[in-house]
Number of protein chains: 2
Amino acid sequence: MSNTLGVREAQKRKTRQALLEAGLGLLEEQSLSSLGLREVTRVVGVAPAAFYRHFRDMADLGVALVEEALGSLHVMIRTVLAEQADPESLIDRSVEVVAAHVRAHPAHVRFIARERHGGVRAVREAIAAELARFGDEVAEALGAQPLSEGWSEDDVRMLAGLYVDHLVMTASSFLEAPPDEAPRIADVARRQLLLISLGRRHWLRPA
Amino acid sequence: MSNTLGVREAQKRKTRQALLEAGLGLLEEQSLSSLGLREVTRVVGVAPAAFYRHFRDMADLGVALVEEALGSLHVMIRTVLAEQADPESLIDRSVEVVAAHVRAHPAHVRFIARERHGGVRAVREAIAAELARFGDEVAEALGAQPLSEGWSEDDVRMLAGLYVDHLVMTASSFLEAPPDEAPRIADVARRQLLLISLGRRHWLRPA
DNA sequence: CAGTTCAGTTAACAACTGTTTGCCGGATGG
DNA sequence: CCATCCGGCAAACAGTTGTTAACTGAACTG
């Protein structure tokens with residue numbers, strides 16, 4: 001590994017990461033469009049002007065957060081898609097993985113849910129682009145399944161979209177509800193997925 | 001009608017409405033949590049202190065906007081639910097009504113989508129409560145349909161939730177995409193609803 | 001070891017913010 | 001007609017904001 005980066009660059013990454021984490025923390029109780037530059041630097045314990053060494057804007061920091069947050073989600077998606085079992089237990093697994101992800105990275109999930117339709121265009125677009133990539137990925141995995149034989153590419157893509165949207169909704173439900181409601185939310189999510197998969201099975205013979 | 005309200009109260013309502021509309025307008029490019037009191041009064045052409053004659057907070061104004069925005073949505077929902085026809089053309093109608101609603105009240109739709117997971121707790125909760133009421137209403141209508149015979153109350157509710165979530169998603173898709181993409185979005189939404197209704201038809205005999 | 005690069009600092013800038021106080025003047029109601 | 005109410009105003013308040021400039025000093029380069 002030649003990834004031995006110099007002392008200076010290491011320090012730079014460190015404070016950059018600290019800025020990102022401070023921002024993420026502050027975003028638990030407000031939106032990105034009201035997050036102040038000074039607010040962030042104050043938490044990190046660094047001068048306001050130092051911010052510009054890492055980001056042009058708050059929007060810029062937001063875009064960086066998108067990459068970080070959806071990177072971890074990416075791993076989650078692959079985890080679910082990789083497993084192959086009977087459809088029913090796959091549903092159970094999916095919901096479990098989502099719940100675990102929300103428990104592990106609540107701030108990331110909150111950020112994505114909040115800023116997906118939030119007030120900062122650049123961030124909205126970054127999230128949309130990344131979620132579209134997820135959709136493609138899910139579509140590819142679905143298309144490879146025997147159940148999708150005879151499906152048009154477009155129909156597979158619309159199903160994938162339904163899954164991705166449902167995933168985001170479920171995640172944000174877990175987040176906003178008190179912890180003791182989690183089992184109930186998981187149950188609803190499972191049944192919704194079950195219903196969708198029923199519709200999927202009868203798609204080509206809608207009698 | 002004894003609703004002849006005095007000149008003074010009429011004026012008060014007028015500026016109150018002006019504040020709401022100015023706020024809604026400014027929210028097209030930012031989130032509620034970054035919307036300033038002075039910003040709003042400046043647009044209306046009124047002194048900053050006048051704001052307090054109508055709202056305690058920005059959050060307070062936000063809650064008022066929720067009622068206004070979801071009031072109009074309420075009408076829309078009833079429109080869709082009232083019509084009774086074969087399920088397929090009902091889907092077409094629903095998507096049409098949603099598209100028309102977004103065209104008629106884009107700012108309201110944007111506001112709901114944005115602040116549903118936004119940074120102001122009181123507003124989030126107001127939206128959640130109102131959407132839950134929608135869910136109940138949809139559930140009631142669904143339960144009355146012959147197709148729901150033998151369904152548990154809880155299953156009807158989870159289906160209703162799926163519909164409401166899908167509705168909000170579709171509306172915000174219409175909003176964020178360029179106008180020429182609208183037909184494509186409508187088409188995807190229709191097929192998704194069709195798939196869900198297929199799953200619904202086979203819910204009780206999942207063979 | 002000398003010279004350069006550059007992350008972070010200090011200090012100052014004008015512009016803005018929410019909130020309070022006291023006041024004005026037209027509508028309201030007896 | 002007169003006293004009261006009350007929506008809106010002007011002015012001042014202490015804080016805050018983003019952005020700029022010139023600097024310091026440690027890490028890098030050759």
Trainee: Which of parallel (below 30°), tilted (30 to 60°) and perpendicular (above 60°) describes B/His105 and B/His108?
Mentor: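 Rings of B/His105 and B/His108: parallel, as their planes differ by under 30°.
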Trainee: Could you please name the option among D/dG8, D/dT17, D/dA12 that lies closest to any side-chain atom of B/Arg38?
Mentor: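 Selected nucleotide: D/dA12.
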Trainee: A side-chain contact here means heavy atoms from C-beta on lying under 4.5 Å apart; do B/Phe51 and B/Val46 qualify?
Mentor: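 Of all side-chain heavy-atom pairs linking B/Val46 with B/Phe51, none is under 4.5 Å.
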Trainee: Whole-Å distance between C/dA27 P and B/Lys14 NZ?
Mentor: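 That distance rounds to 13 Å.
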Trainee: Just how far, in rounded Å, is C1' of D/dT19 from CZ of A/Arg56?
Mentor: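 The answer, rounded to whole Å, is 15 Å.
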Trainee: Nearest heavy atom decides the nucleotide; on that basis, is A/Arg16 or B/Arg42 closer to the 5' end of DNA chain C?
Mentor: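 Final value for this comparison: A/Arg16.
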Trainee: Run the salt-bridge test on B/Glu39 and B/Arg42 with the 4.0 Å N-O cut-off and return the result as yes or no.
Mentor: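 Result for this pair is no, no salt bridge flagged.
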Trainee: Report yes if the side chains of A/Val138 and A/Leu167 come closer than 4.5 Å at any heavy-atom pair, otherwise no.
Mentor: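 No, their side chains stay 4.5 Å or more apart.
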Trainee: Minimum heavy-atom separation for A/Phe111 to A/Gly62, with atom names?
Mentor: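 Where A/Phe111 meets A/Gly62 most closely, the heavy atoms are CZ-O, 3.6 Å.
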Trainee: Starting at CG of B/Asp60 and ending at P of C/dT19, how long is that distance when rounded to a whole Å?
Mentor: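 Going from CG in B/Asp60 over to P in C/dT19 covers 12 Å.
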Trainee: Classify A/Arg13 by what it touches in the nucleic acid, base, sugar-phosphate, or nothing, heavy-atom distance under 4.0 Å.
Mentor: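 No contact.
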Trainee: Could you tell me whether the phosphate oxygens of D/dG8, OP1 or OP2, come under 4.0 Å of any side-chain nitrogen or oxygen in B/Thr15?
Mentor: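 For D/dG8, OP1/OP2 do have a side-chain N/O of B/Thr15 under 4.0 Å.
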Trainee: Starting from the C-alpha separation in whole Å, work towards a yes-or-no answer on side chain to side chain donor-acceptor pair (under 3.5 Å) for B/His74 and B/Glu137.
Mentor: CA-CA 10 Å; B/His74 222 277; B/Glu137 197 168 338; 3.1 Å; yes
Trainee: Tell me what A/Phe51 touches on the nucleic acid: a base, only sugar-phosphate, or nothing, going by heavy atoms under 4.0 Å.
Mentor: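 Result for A/Phe51 = nothing.
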Trainee: Consider the side chain of B/Val46, meaning its heavy atoms from C-beta on, and name the nucleotide among D/dG18, C/dT10, D/dG8 that approaches it most closely.
Mentor: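 Nearest nucleotide to the side chain: D/dG8.
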Trainee: Along nucleotides 22-30 of chain D, 5' to 3', which nucleotides get a B, which get an S, and which get a -, given that the test is a protein heavy-atom distance under 4.0 Å?
Mentor: ----BBS--
Trainee: Please tell me which of the listed nucleotides, C/dT20, D/dG8, D/dG7, lies nearest to the side chain of B/Ala50?
Mentor: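 The nucleotide sitting nearest to the side chain is D/dG8.
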Trainee: Roughly how many Å is it from CG in B/Leu19 to C1' in D/dG8, rounded to a whole number?
Mentor: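 Going from B/Leu19 (CG) to D/dG8 (C1'), I get 11 Å.
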Trainee: Tell me: CZ of A/Phe55 to P of C/dG8, nearest whole Å?
Mentor: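 It works out to 11 Å between those atoms.
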Trainee: Identify whether the distance between the nearest side-chain nitrogen and carboxylate oxygen of A/Arg13 and A/Glu9 falls below 4.0 Å.
Mentor: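 So A/Arg13 pairs with A/Glu9 through a salt bridge.
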Trainee: Taking only the side-chain heavy atoms of B/Leu37 (C-beta and beyond), determine which of D/dG18, C/dT20, C/dG18 contains the nearest atom.
Mentor: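 Among the listed nucleotides, the one closest to the side chain of B/Leu37 is C/dG18.
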Trainee: Nearest to the B/Ala49 side chain among C/dT17, D/dC9, D/dT20, which nucleotide is it?
Mentor: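 Nearest nucleotide to the side chain: D/dC9.
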